Amino acid sequence: MQYFYVKEIENDYEHLFEYKGNEKIKVDDVVVIPNFQDLPVTAFVTKIVGKYQAHTSKYEREEIIDIVNIKEWNAKRLKEIDNKVMLEKMQSKISEIKMLEQLEKYAGKDPEMLELLNEYKGQGSIYTETEDDLPFE
């Protein structure tokens, strides 16, 4: 038997629970517990306690309803976040390349713009210049 404290997600209510099953409970696992009206609510495991501490606690132990496995859902959510970050980086890079192409066009017409463009490129932008990128020779 495992003993642990859980905190309800919606109202921060914390209470002592027990689990008689075979799965190993860890901190931050999501479990379903009964609330005051005996309705099922979700909660996070906050602290694992030993048998002695559970039996001498001022709180009465209750049994959880079930364990919720959110590993696949969480992995999918993290993948979606990574994809959004990657898309934003690519869009930023495209915007910078388009801007530099336009500035190079104007730099061929105006020496002051060419000087400003060279200064911008020298400040370590993410743009890297190659011989083919030179505005004119």
Side-chain angles (χ1 to χ4, degrees):
M1 188 167 318
Q2 300 173 63
Y3 304 97
F4 46 88
Y5 284 93
V6 300
K7 184 179 279 191
E8 285 185 32
I9 293 174
E10 292 186 16
N11 64 11
D12 287 342
Y13 169 72
E14 192 169 34
H15 196 68
L16 180 63
F17 280 85
E18 64 185 17
Y19 177 60
K20 296 178 183 175
N22 295 331
E23 284 188 59
K24 181 79 172 158
I25 301 288
K26 300 178 294 298
V27 173
D28 293 331
D29 278 354
V30 178
V31 295
V32 179
I33 61 171
N35 68 1
F36 289 116
Q37 293 93 23
D38 278 335
L39 298 173
V41 295
T42 52
F44 284 103
V45 175
T46 58
K47 182 180 179 184
I48 307 292
V49 296
K51 185 176 182 177
Y52 176 77
Q53 188 175 1
H55 287 284
T56 58
S57 172
K58 63 182 179 181
Y59 299 111
E60 184 178 324
R61 296 175 315 279
E62 296 183 53
E63 192 169 339
I64 66 168
I65 297 172
D66 201 3
I67 300 172
V68 181
N69 185 353
I70 62 169
K71 289 179 184 175
E72 290 180 21
W73 174 83
N74 203 27
K76 182 181 175 184
R77 187 178 61 89
L78 292 174
K79 180 70 174 165
E80 289 172 356
I81 291 170
D82 289 345
N83 287 344
K84 285 181 182 180
V85 169
M86 183 65 70
L87 182 62
E88 288 175 7
K89 286 180 180 180
M90 290 187 300
Q91 288 174 338
S92 176
K93 179 68 174 175
I94 289 170
S95 295
E96 184 176 5
I97 290 171
K98 285 181 179 180
M99 178 192 66
L100 286 172
E101 287 173 352
Q102 187 176 16
L103 291 175
E104 286 175 352
K105 184 172 37 169
Y106 291 118
K109 299 176 183 178
D110 183 16
E112 188 176 337
M113 180 62 85
L114 177 62
E115 185 179 320
L116 290 171
L117 178 63
N118 288 335
E119 183 179 335
Y120 175 77
K121 287 180 181 180
Q123 289 181 354
S125 77
I126 59 175
Y127 178 80
T128 56
E129 184 179 276
T130 63
E131 288 183 12
D132 297 333
D133 293 331
L134 294 175
F136 56 86
E137 259 186 14

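This is a predicted model, so every value here is computed, not measured. Heavy-atom basis, side chains included; hydrogens, waters and symmetry copies ignored. Numbering starts at 1 and runs along the sequence shown.
Partners of F4 under the ring pair (Phe, Tyr, Trp, His ring centres under 6.0 Å) rule, at least two apart in sequence or in another chain, do not exist in this structure. Taking D66 as the reference, nothing meets the side chain to side chain donor-acceptor pair (under 3.5 Å) condition, with sequence neighbours excluded. In this structure M90 satisfies the side-chain contact (heavy atoms from CB on, under 4.5 Å) test together with M86, L87, sequence neighbours excluded. E115 meets the side chain to side chain donor-acceptor pair (under 3.5 Å) test with no other residue; sequence neighbours excluded. Every residue two or more places apart in sequence or in another chain that forms a side chain to side chain donor-acceptor pair (under 3.5 Å) with T46 is listed here: E14. The side-chain contact (heavy atoms from CB on, under 4.5 Å) search around Q53 returns K47, V49, not counting sequence neighbours. Y3 pairs by the ring pair (Phe, Tyr, Trp, His ring centres under 6.0 Å) definition with H55, not counting sequence neighbours. Taking N74 as the reference, R77 meet the side chain to side chain donor-acceptor pair (under 3.5 Å) condition, with sequence neighbours excluded.
Contact check for L103 versus M113: side-chain heavy atoms found under the 4.5 Å cut-off. Proximity of E104 to K121: side-chain heavy atoms (C-beta onward) are separated by under 4.5 Å at one or more points.
Contact record, I65 with P40: CD1-CB, 4.0 Å, taken as the closest heavy-atom pair.
Ring orientation note: the planes of F17 and H15 are nearly perpendicular, at an angle over 60° on the 30°/60° scale.
Residues V45 and I9 are members of separate hydrophobic clusters, defined by side-chain heavy-atom contacts under 4.5 angstrom among Ile, Leu, Val, Met, Phe, Trp and Tyr. There is no path of hydrophobic side-chain contacts, each under 4.5 Å, that joins L116 to L100.
Heavy atoms of other residues, nucleotides or ligands lying less than 6.0 angstrom from OH of Y13 number more than 12.
Screening residues 78-87 for side-chain hydrogen bond (donor to acceptor under 3.5 Å, both in side chains), with sequence neighbours left out, gives no hits.
Interatomic distance, CE of M99 versus CD of E96, reported as 5.5 Å (0.5 Å rounding). Rounding to the nearest 0.5 angstrom, the gap separating the OG1 atom in T42 from the CD atom in E8 is 8.0 Å.
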Donor-acceptor pairs are to be reported for all side-chain atoms of residues 18-36 against protein atoms at under 3.5 Å, with residues two or more places apart or in another chain.
residue : atom : partner : partner atom : Å
E18     : OE1  : R61     : NE           : 3.3
D29     : OD2  : K26     : N            : 2.9
N35     : OD1  : Q37     : N            : 3.0
N35     : OD1  : D38     : N            : 3.2
N35     : OD1  : L39     : N            : 2.9
N35     : ND2  : Q37     : OE1          : 3.2

Decide side chain to side chain contact (heavy atoms under 4.5 Å, CB included) for S57 and Y5; before the verdict, give the C-alpha distance in whole Å, the side-chain angles of both, and the deciding distance to 0.1 Å. CA-CA 11 Å; S57 172; Y5 284 93; 3.3 Å; yes
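No donor-acceptor pair under 3.5 Å is formed between the side chain of S92 and the backbone N or O of E88.
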